[in-house]
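Only one structure is covered here, and it is reproduced in the block below.
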Amino acid sequence: MAKVQLNQKEQHYADTRDEAEEIVSAAKENDHLQMHKITEKYNKYGQYFLIDLTYAFQTPKEVMESRPQDVPEGQMSIDDTHEGIEYSVDGSGNVSVSDSQVTREENEEEEEQPHIQRVK
């Protein structure tokens, strides 16, 4: 699955309020701008402005509901359903599966496993 950028946050610095306003007006040209904030700060060198910009490109809902373009071979589709396996659990917690639901491959794998016996 391809990575999709959903949100982007930027922080800019400006020496004057006018510079901060210019940065915000340039950012407003982008349709994806969701929020902007100008914060006035002070330090030992004087006054400065921090500009926070937040962009949202797609909502997670749009991304999650979109179907992937290149699905790997053998992967189940969302539309494919699997019936599952019927099983039963008795009172002591033992699980049993009917013989008709056990595939032949699983039986063969069990037979191929070596049986180790300890000889003294």
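All figures in this text were calculated on a predicted structure; none of them were measured in a lab.
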Could you go through residues 19-27 and list every donor-acceptor pair under 3.5 Å that involves a side-chain atom there, pairing it with any protein atom two or more places apart or in another chain?
{"unit_1": "Glu19", "atom_1": "OE1", "unit_2": "Asp15", "atom_2": "N", "d": "3.1"}
{"unit_1": "Ser25", "atom_1": "OG", "unit_2": "Glu21", "atom_2": "O", "d": "3.3"}
{"unit_1": "Ser25", "atom_1": "OG", "unit_2": "Glu22", "atom_2": "O", "d": "2.9"}

Would you say CG of Asp31 has more than 12 non-hydrogen atoms from neighbouring residues, nucleotides or ligands within 6.0 angstrom?
no

Residue pair Asn7, Phe57: steps toward the side-chain contact (heavy atoms from CB on, under 4.5 Å) verdict:
CA-CA 6 Å; Asn7 300 307; Phe57 297 100; over 6 Å; no

Any chance you could pull the hydrophobic cluster mates of Tyr48, using side-chain heavy atoms under 4.5 angstrom and chaining through other members?
Tyr13, Leu50

Taking only residues two or more places apart in sequence, or in another chain, which ones meet Tyr42 in a side chain to side chain donor-acceptor pair (under 3.5 Å)?
Glu40

Using only heavy-atom distances, determine whether the side chains of Gln34 and His32 contain a donor-acceptor pair under 3.5 Å.
no

Just by distance, with hydrogens left out, do Thr16 and Asp18 show a side-chain donor and acceptor under 3.5 Å apart?
no

Rounded to the nearest 0.5 angstrom, the NE2-CD1 distance for His12 and Ile38 is 11.5 Å

Test log, rule side-chain contact (heavy atoms from CB on, under 4.5 Å), inputs Met35 and Leu53
CA-CA 6 Å; Met35 191 265 311; Leu53 304 172; over 6 Å; no

Would a 4.5 Å heavy-atom cut-off, applied to side chains only, mark Gln47 and Phe49 as touching?
yes

